[in-house]
Amino acid sequence: MYAEIIVDIAAEEVDRVFTYAVPEDMQLRPGMRVEVPFGRMKKEGFVIRLKNTPDYDPEKIKTVLSAPDNYPVLLPQLMALAEEMRARYHCPLCEAIRLMLPAQMRGNRVKIKTEEYVRLAISPDLVDEAIAKETRSKKRKLILTLLSDGEMHPVDEIRILVKDAKAALDYLKNREIIESVSVERLRSPYTGQVDEKEDRTLTPEQQEVLSEMLPALEKPCKPFLLHGVTGSGKTEVYIRLVREAVKKGKGAIILVPEIVLTPQMIQWFKSRFGDTMAVLHSRLSAGERFDEWRRIRFGNAKIVIGARSAVFAPMENLGVIIVDEEHEQSYLSQSFPQYDARDIALSRCKREKAVCVLASATPSIYSYAMARRGDYTLLEMPHRILNRPLPKIELVDMREELRLGNKSMFSRALQEKLDACIQSGQQAMLFINRRGYASSVNCRKCGETIRCSHCDVSMTYHSWDKTLRCHYCGNVMPMPERCPSCESTYIKAMGTGTQKVEEALKKMYPHAGVIRMDMDTTAGKNAHFDLVNQFRAGKAQILLGTQMIAKGLDFPQVTLVGAVMADMSLNFPDYRAAERTFQLLVQVAGRAGRGEKPGEVVIQTYQPDHYALESAVRQDYRSFFAQEFDRRKKSLYPPFTLMVRFLCDAKDRETAMATAEEIKNQITCRFGSTPLWRRILYIRADEAPIARIQERARAQVLMKLLNHPDTDQLIAVMQEMAREERAAHTVLEINPASLA
Ligand code: ADP
Ligand code: ZN
Ligand code: ZN
């Protein structure tokens, strides 16, 4: 017997199958992990196929050394998915396979934890006789009496009941009266408390959406896009859909943007599904991850909740994948291969005949466009549960505040409402939009943001040479001293930290209690859960935070939500700035008024007329979509084109820049005189918007490519270029989540 094997080396030259002989006594199946000799090394590999005859001289064929597991670690459907990813992302097959296994499994870096048990090795009928024989040892008598029930008993238990049991146990084992058994113990990562949630009676709206989805469990159909406003009760719909799938013996994967942000979702699912649920996320220990993975692989867990990579969960009989908050950029992988978990979900569901549900209160422009075109089935939940009103949103023009002499970061309106909220003992959430990286330059008097005249994105302030740069076309100008539109001198680079706001709040409301949630306060494993639970328990009246408080949280006591600097993200040099801002504001506003008391929202902005803000105030997704879609079409941004870039990072700026230039020239030489050149709408080598990260200088070659069937050839070549040896470390990104 011979096996075709993919060797786990991420290099193009070895990205093909190698044939090995299978030893007589080795049971191999496709998908199993093996160890093979490769050159002079021992390498790990995966069995792709088995065959009876080799395709070349059997004398030269090496033999598989061992198979560490006794089961295929890769399901056939996941192997097929890996093949598809190789073609789509132009990556070596083993790089796709690596995504499907717990990292620590490679190279056997985690050990299975076991617990020792003992049980009778003789027939229970003979045990009385055996006990009677043990006249010389009370301990052995006692042990046999304990085991006479025929059950397995943990050795630890025996040790508690029988002092110094070891010698006695060994004696009985040696005479084969008892035997020991080791049982795998699965580490359980879940520590949070479970609040006992009862099933609710579904509202007609929830019922209707559910009844559209259920038939898809029987008969494959198009993916669903569920557009449900914040607080419309989407989670309950997920739970019912998942339960029906489980009843049919199928499994479910629920993807959430960042698991630590969705403690409630986990709690709700846990309370309904208990131990049949697994959780996969980056903060699990290696052992925990490995165990959860195996619980899924062996069918002990039918339901998985997890972040991006959970889309590769080894679920055998998949019934449904739900992608919650599908617009979130965390579904795009930041490392190579840069897969989009939504694409993987769609493709898995198609292959495995499962239901795919993408859901959001603010769907991505791409998904909504797909639904409008009829590629997805659009389902809508336009109302909040129990007809609770959507919160009332007030837009405050911060230019006006300045004109009236208010230079603080709180407008009068927000201040008044905050006073009232605190005095009446209710809770408030304050949100500071500090997404991203680069600072834009704004006029505090007229609200003007300095934008590139060619690209319709904000110019970025570079403190090292005090210039403004456009990171799309390379346009450079000096930092102006006066606002180009109103001549005021109140023009500056924006940015305020949460810490500063926290200090101000503590002075204003010394007794209210302030909880701050941002990158700094949530570093520990359970820090998110703890802070969220403290706020829920009423330990503080104000929750202050960055985007991490914007999403998914359900605090019924919150009646006021304030977006202190709502439009920061509007000015990032990214063509998705408007989309991100709209999504964020709708989500933030959605945190208010989720209980019985209605909610109020104050959004502070310097650009009240911007369509992203206007539509957010009216919670009008469709109007936003229409305007944004038009703008993308006019300016040729995705989904009408592809944004592609090489990102080069090096110790110093010169090396990074030189590499970017070199790549740009290489592309021009290679394609300049071919028909493919026309697919490149523009190409430019420049510094990246964040010119330095952690002491590394960053440069980029940014391109806009036309969406055309032959563009893929172009990308395949570029992918190869990215892998060439260069002075600066280089990666290629296709429509990356961030153009920072
Ligand atoms: P979404 O995810 O759509 O923003 P959630 O799933 O968080 O909304 O639900 C909002 C609130 O409504 C939650 O507190 C939830 O427990 C409650 N809820 C959901 N469905 C029902 C129902 N059928 N009856 C009563 N309350 C419900
Ligand atoms: Zn420009
Ligand atoms: Zn101005």
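Each ligand, and each atom within it, is numbered from 1 in the order the structure gives.
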Participant: When you measure from atom 16 (O) of ligand 1 to each heavy atom in Glu236, Gln206, Arg200, which option holds the nearest one?
Facilitator: Arg200
Participant: Hey, which of Gln557, Lys597, Gln541 is the one that makes side-chain contact (heavy atoms from CB on, under 4.5 Å) with Gln426?
Facilitator: Lys597
Participant: Of the backbone atoms (N, CA, C, O) and the side-chain heavy atoms from C-beta on, which set of Thr235 has a member under 4.0 Å from an atom of ligand 1: side chain, backbone, both, or neither?
Facilitator: both
Participant: Applying side-chain hydrogen bond (donor to acceptor under 3.5 Å, both in side chains) as the test, list every pair that has at least one member in residues 378-389; sequence neighbours left out.
Facilitator: Glu205-His383, Thr230-Arg384, Glu380-Arg622
Participant: Under 3.5 Å, N or O to N or O, is Gly233 touching ligand 1 that way?
Facilitator: yes
Participant: Which of the numbered atoms in ligand 1 are below 4.0 angstrom from a heavy atom of Leu202?
Facilitator: 23 (N)
Participant: For a quick check under 3.5 Å, do Tyr611 and Glu628 share a side-chain donor-acceptor pair by atom type?
Facilitator: yes
Participant: Within the structure, is a non-hydrogen atom of Val229 found at a distance of less than 4.0 Å from ligand 1?
Facilitator: yes
Participant: Under a 4.0 Å threshold between the charged nitrogen and the carboxylate oxygen, would Lys247 count as salt-bridged to Glu244?
Facilitator: yes
Participant: Could you tell me whether Glu502 and Lys506 have a side-chain N and a carboxylate O separated by less than 4.0 Å?
Facilitator: yes
Participant: Closer than 4.0 Å to some heavy atom of Trp268 - which atoms of ligand 1 meet that?
Facilitator: 6 (O), 7 (O), 13 (C)
Participant: Kindly write out the residues that satisfy ring pair (Phe, Tyr, Trp, His ring centres under 6.0 Å) with Tyr376, not counting sequence neighbours, or none if the list is empty.
Facilitator: none
Participant: Closer than 4.0 Å to some heavy atom of Thr230 - which atoms of ligand 1 meet that?
Facilitator: 4 (O)
Participant: For Tyr637 and Tyr575, take the angle between the two ring planes, folded into 0 to 90°, and tell me which bin it lands in: parallel under 30, tilted 30 to 60, perpendicular over 60.
Facilitator: parallel
Participant: So is Gly231 in contact with ligand 1, going by heavy-atom distances below 4.0 Å?
Facilitator: yes
Participant: What atoms of ligand 1 come within less than 4.0 Å of a heavy atom belonging to Thr201?
Facilitator: 22 (C), 23 (N), 24 (N)
